[in-house]
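To start, the structure under review is shown below, and the notes come after it.
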Protein chains: 4
Amino acid sequence: MTKRLTGRDTEASAPAQGREAILAVAKKQFAEYGYHGATLSKIATRAKVCKANIFHHFGSKEGLYLAVLKDYCEQLSPLRGSRPISAPTCREQLRQFAQVHLENMLNEQGAVQLFLRELLAKDSLRKEILAKGVLEDNFSSLVQMVREGQEAGEIRPDIDPAMLAVMLLGADVFFFMARDVFQHFRDVHFAEAPGDYSKALSEILLKGCLAKRD
Amino acid sequence: MTKRLTGRDTEASAPAQGREAILAVAKKQFAEYGYHGATLSKIATRAKVCKANIFHHFGSKEGLYLAVLKDYCEQLSPLRGSRPISAPTCREQLRQFAQVHLENMLNEQGAVQLFLRELLAKDSLRKEILAKGVLEDNFSSLVQMVREGQEAGEIRPDIDPAMLAVMLLGADVFFFMARDVFQHFRDVHFAEAPGDYSKALSEILLKGCLAKRD
Amino acid sequence: MTKRLTGRDTEASAPAQGREAILAVAKKQFAEYGYHGATLSKIATRAKVCKANIFHHFGSKEGLYLAVLKDYCEQLSPLRGSRPISAPTCREQLRQFAQVHLENMLNEQGAVQLFLRELLAKDSLRKEILAKGVLEDNFSSLVQMVREGQEAGEIRPDIDPAMLAVMLLGADVFFFMARDVFQHFRDVHFAEAPGDYSKALSEILLKGCLAKRD
Amino acid sequence: MTKRLTGRDTEASAPAQGREAILAVAKKQFAEYGYHGATLSKIATRAKVCKANIFHHFGSKEGLYLAVLKDYCEQLSPLRGSRPISAPTCREQLRQFAQVHLENMLNEQGAVQLFLRELLAKDSLRKEILAKGVLEDNFSSLVQMVREGQEAGEIRPDIDPAMLAVMLLGADVFFFMARDVFQHFRDVHFAEAPGDYSKALSEILLKGCLAKRD
DNA sequence: GATGAATGAGTGTTCATTCAT
DNA sequence: AATGAATGAACACTCATTCAT
């Protein structure tokens with residue numbers, strides 16, 4: 001009775017309380033400053049809870065970080081299905097995938113930032129488990145997609161499907177990381193237009209850049 | 001006469017002294033653990049100098065970090081010319097570039113790790129100045145290369161040169177970041193063969209992945 | 001029940017705990033060695049608390065110092081009333097004031113030492129706020145006292161009341177500061193007799209030193 | 001030949017060099033911040049010399065401080081004679097002394113600040129030796145002056161000459177210390193007029209504040 | 001006479017963590 | 001579930017000092 005209902009807090013940006021408030025703030029902090037750069041004091045302050053309360057809920061900084069990681073995972077995984085890839089031809093599927101994937105990354109900046117940082121770390125403890133879990137989803141979807149395209153005779157059979165997948169994902173990751181810097185390059189016109197970027201990307205992936213020689 | 005010969009230090013990884021010793025250790029530590037993860041105590045211990053000496057030479061942790069960044073920059077920039085790209089056709093130049101660029105990244109893992117981490121940070125102070133300086137070198141080389149290919153009629157004129165550059169660099173960056181994870185993907189066969197990766201990469205960039213329809 | 005009785009701590013100099021223990025030690029240290037001469041390590045050790053605990057309670061060295069200053073203020077202010085000045089004639093009131101004021105200073109050596117040091121500093125931030133608060137109390141009491149004496153025709157009307165106040169307070173301050181040195185002056189006989197000092201002081205203030213010429 | 005003549009540097013405020021430059025800066029710093037508040041790094045920087053050079057000339061911080069103290073002493077002692085006290089009557093001599101003494105203090109703020117700080121310290125090592133040396137000069141002059149006045153029947157014989165001396169010096173010391181604070185007291189009109197202060201001071205000392213009763 | 005490099009002990013401060021309540 | 005007090009270890013940084021040149 002004395003306890004307030006906290007059920008609907010997840011919807012919208014209503015100020016969560018207790019455990020959830022901590023988690024929400026921690027996600028931001030870890031994403032922005034990395035594991036070592038983030039501090040429990042700051043997280044506690046911003047979440048308007050006592051520092052000791054963090055330990056009550058998460059046991060340790062490491063524990064909190066893992067909870068953040070897990071939360072980000074759950075937040076990321078279902079997204080792939082948010083706008084289902086469905087098109088008759090493989091080339092069209094790839095175009096859609098390129099578009100949707102980049103959109104998702106930009107919608108989940110915190111999660112992506114954290115994962116990429118994890119990739120750069122040397123621990124390899126969490127790196128394998130987590131990054132693999134997130135990457136593999138997208139990766140095997142793509143590979144499967146390409147394989148079907150090859151079986152349908154649409155994609156060249158001498159193409160390594162994994163290679164294609166890496167190129168698409170890599171282009172998106174690089175865009176995500178360097179978009180701030182791109183804005184200061186005069187040769188770049190797509191810095192603020194992810195849609196155009198995705199289109200041009202899939203175009204080159206499909207047709208290559210060589211002029212047709214006849 | 002009274003001065004000790006330190007000549008051979010430059011050659012191998014012989015223990016440098018004073019300022020250089022600190023810088024060398026700091027480069028490793030910052031690359032491995034990031035700015036916040038690295039500690040001056042550890043750096044001092046490993047460099048076999050007094051902690052206070054770091055401040056004598058670099059003023060502050062920030063100062064040391066900037067010196068490291070600057071040093072990595074100078075170490076990275078001239079690399080582009082280390083194995084000069086020279087081939088009659090543009091497609092061959094791109095193939096060479098893909099190869100050399102990835103090799104360079106793998107040879108300078110510390111520098112690259114640091115730069116990528118910097119890209120993920122929010123400072124934008126160092127990000128712009130440094131990442132721009134390093135990225136732009138490779139970037140504009142590539143763009144120029146593609147432009148010439150277009151003028152020679154070798155590359156499709158409707159291709160955005162910057163787009164091609166981003167795809168190539170992005171694929172390399174992504175390979176660099178995720179290679180550890182790749183090793184655990186069964187679909188991936190190039191994880192430990194950067195040479196093959198570069199070849200397949202440029203192949204797709206040039207010809208695309210679509211089957212020829214005639 | 002489970003809570004320990006701490007009641008008697010206030011009475012004597014029993015070892016206070018936590019915040020109060022720190023404050024008590026800090027007051028001594030700052031008074032004895034000044035702001036820069038005092039160190040938090042020493043304060044923590046003597047207060048038998050962890051150094052970090054000081055920051056938990058006071059935020060910073062500056063914060064602790066200000067708390068000390070504030071505490072000394074409250075300790076000093078009510079003293080004026082401790083032995084209320086009450087006498088029919090103004091001359092008697094002045095005699096009493098001279099006596100009581102010097103006694104108070106000698107009873108609160110720590111506070112006085114700190115205040116005088118603060119007067120010699122250049123901050124002017126704390127100087128104004130604090131010294132003013134403490135000085136003004138005594139100062140305006142004296143001025144008011146003299147004014148009433150003038151209205152009653154007891155004190156010469158051409159006397160500046162503020163001047164008289166400064167002379168009385170100044171003589172006490174100087175005695176406080178130099179009493180150690182006075183002991184080695186053969187001409188001085190009042191060094192260890194503050195009572196005599198106060199008496200002689202008010203005598204001269206009232207009657208002057210000139211021989212009566214008639 | 002290669003060495004510049006440094007002889008006349010002492011005159012005027014020409015930028016001294018080496019030892020003298022250090023001493024000049026150290027005097028300011030010690031006076032302003034006290035022994036613990038002043039740092040050799042700052043002194044070295046401001047004197048535009050190497051920190052190690054300070055040790056070359058003065059051996060240690062303590063050594064430098066003592067040199068400063070000695071220098072201030074020499075600077076202060078002869079001042080009493082700068083404007084010789086000479087008047088037929090004792091009362092006039094006292095008036096002159098009050099005036100000259102306060103002037104001297106205000107002209108030598110650094111020295112005075114340092115000495116007063118020393119008086120507040122607990123070392124009593126230097127306190128006795130130095131403060132005594134400086135104080136005693138003024139003190140015994142005054143006492144002697146008063147004694148002669150008493151012998152000449154000008155000063156009341158029941159006055160303790162030391163007491164009169166302490167009151168005069170104390171009033172000046174207090175003015176020196178609190179003059180910044182005085183400016184914010186509405187009752188005080190002499191804060192920026194040391195001349196008036198000295199006059200009023202000697203007036204009260206001589207004649208007292210009581211109204212003439214007949 | 002003067003400097004730059006180097007140092008050990010110490011500074012104030014912050015860290016993640018624990019505990020009693 | 002939540003808090004304030006407390007802690008030890010570590011943090012970046014400054015101190016006065018030394019030494020070879």
Side-chain angles (χ1 to χ4, degrees), chain A residues 2-3 6 17-19 21-22 36 38-44 48-65, chain B residues 2-4 17-19 21-22 36 38-44 47-65, chain C residues 1-4 17-19 21-22 36 38-44 47-65, chain D residues 2-3 6 17-19 21-22 36 38-44 47-65:
Chain A
T2 51
K3 201 176 176 181
T6 59
Q17 67 206 61
R19 212 193 110 100
I22 296 168
H36 286 109
T39 81
L40 297 187
S41 302
K42 201 174 174 186
I43 292 173
K48 282 168 191 162
V49 296
C50 176
K51 217 186 341 181
N53 210 352
I54 297 180
F55 289 88
H56 184 60
H57 285 298
F58 302 96
S60 69
K61 188 184 188 181
E62 184 78 15
L64 175 59
Y65 184 69
Chain B
T2 49
K3 204 175 179 180
R4 281 192 214 139
Q17 71 204 53
R19 214 192 108 101
I22 296 167
H36 287 108
T39 82
L40 296 187
S41 301
K42 201 174 174 185
I43 292 173
K48 281 169 192 161
V49 295
C50 174
K51 220 190 332 182
N53 209 355
I54 297 180
F55 293 89
H56 175 56
H57 286 296
F58 301 97
S60 68
K61 188 184 188 183
E62 181 80 16
L64 175 59
Y65 184 70
Chain C
M1 297 287 179
T2 49
K3 204 175 180 180
R4 280 189 216 140
Q17 68 204 54
R19 216 194 105 103
I22 296 167
H36 288 109
T39 82
L40 296 187
S41 301
K42 201 174 174 186
I43 292 173
K48 282 171 192 161
V49 294
C50 174
K51 216 187 340 177
N53 209 357
I54 297 181
F55 291 88
H56 176 56
H57 286 297
F58 302 96
S60 67
K61 188 183 188 182
E62 181 80 17
L64 175 58
Y65 184 70
Chain D
T2 49
K3 203 175 178 182
T6 60
Q17 67 206 60
R19 214 193 107 100
I22 296 168
H36 286 111
T39 80
L40 297 186
S41 302
K42 201 174 175 186
I43 292 173
K48 282 170 191 162
V49 296
C50 176
K51 217 187 335 182
N53 210 353
I54 296 180
F55 290 87
H56 185 60
H57 286 298
F58 301 95
S60 69
K61 188 184 187 182
E62 184 78 14
L64 175 58
Y65 184 71

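Sequence lines set the chain letters: A, B, ... in the order given, protein chains first and strands last, and positions in each chain run from 1.
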- Report the distance from atom NZ of B:Lys42 to atom P of F:dA12, rounded to the nearest whole Å. 12 Å
- Note on the structure: Walking DNA chain F from its 5' end, the first of C:Ile22 and B:Ala38 to be reached, judged by nearest nucleotide, is C:Ile22
- Task: Looking only at non-hydrogen atoms, find the nearest pair between B:Cys50 and B:Ala44 and report the distance.
- Result: C-CB, 4.2 Å
Using atom types as modelled, flag every donor-acceptor pair under 3.5 Å from a side chain in residues 51-58 of chain A to any protein atom, sequence neighbours excluded.
{"unit_1": "A:Asn53", "atom_1": "OD1", "unit_2": "A:His57", "atom_2": "NE2", "d": "3.4"}

- Task: Check DNA chain F for consecutive Watson-Crick or G-U pairs with both distances under 3.5 Å and list the runs of at least three as stems.
- Result: E:2-21 with F:2-21
- Would you mind reading off the distance between A:Tyr65 atom OH and E:dT17 atom P, rounded to a whole angstrom? 15 Å
- When you measure from the side chain of B:Lys61, which nucleotide among F:dA12, E:dT13, F:dA16 comes out closest? F:dA12
- Query: E:dT13 C1' sits how many Å from C:Leu64 CG, rounded?
  - Reply: 14 Å
- Distance-minimising heavy-atom pair for A:Ile22 and A:Ile43: O-CG2, 4.1 Å
- With D:Lys48 via side-chain hydrogen bond (donor to acceptor under 3.5 Å, both in side chains) - residues at least two apart: none
- Message: Considering only residues two or more places apart or on different chains, which pairs with a residue in residues 53-62 of chain C satisfy salt bridge (charged side-chain N to carboxylate O under 4.0 Å, His left out)?
- Response: C:Glu62-C:Arg126
- Query: Rounded to the Å, how far apart are C:Leu40 CG and E:dT11 P?
  - Reply: 9 Å
- May I ask you to list the residues of residues 50-60 of chain B, by number, that have any heavy atom positioned under 4.0 Å from an atom of DNA chain E? B:Cys50, B:Ala52, B:Asn53, B:His56, B:His57
- Message: Rounding to an integer number of Å, can you tell me how far D:Ile43 CD1 sits from F:dT17 P?
- Response: 11 Å
